[in-house]
Amino acid sequence: SQYAVLSIDAYGKARFAFLDNAAAVTTAAPLPTGKWVCLTASIAAAGAGQVTLALYVDDGAPVVTTAATGFTGSLGQLTV
């Protein structure tokens, strides 16, 4: 079982998935090559078994989704 996974897909896009892909976000464009970027990912409880995922690239606007995952535990604080 995978709690949180931050990865790069086959198209060079950043992808952040939660709870074995019960929820996931992917950047719209591939990450630039040949330079450093800062990826920030967050998970927040949204109530009623839902979580909100956010994925930031550098200082750009986040890609955000809220999805029902059935997760009922404590998220605590997670920094990826």
Taking side chain to side chain donor-acceptor pair (under 3.5 Å) as the test, write out the residues that go with [X], two or more places apart.
X     : answer
Asp9  : none
Thr66 : Thr52
Asn21 : Arg15

For the residue pair Pro30 and Tyr11, establish whether any side-chain heavy-atom pair is separated by less than 4.5 Å.
-> no
Any side-chain heavy-atom pair of Ile43 and Phe16 under 4.5 Å = yes
Minimum heavy-atom separation for Tyr3 to Phe18, with atom names?
-> O-CD1, 3.1 Å
What is the minimum heavy-atom distance between Ala23 and Val51, and which atoms define it?
-> CB-CG2, 4.4 Å
Tested for side-chain contact (heavy atoms from CB on, under 4.5 Å) against Lys13, the lone hit among Val57, Val63, Thr27 is Thr27
Does the Thr65 side chain pair with the main chain of Val25, one donor and one acceptor, at a distance under 3.5 Å?
-> no
Donor-acceptor pairs under 3.5 Å, side chain of residues 31-38 to any protein atom, not counting sequence neighbours: which ones?
none

Rounded to the nearest 0.5 Å, what's the gap from CG on Leu39 to CG on Leu55? Could you check?
-> 6.0 Å
Look at the side-chain heavy atoms of Ile, Leu, Val, Met, Phe, Trp and Tyr, link any pair under 4.5 Å apart, and say whether Val64 and Val5 land in one connected group.
-> no
For Ala22, which residues count as a side-chain contact (heavy atoms from CB on, under 4.5 Å) partner, sequence neighbours excluded?
-> Leu19, Thr69
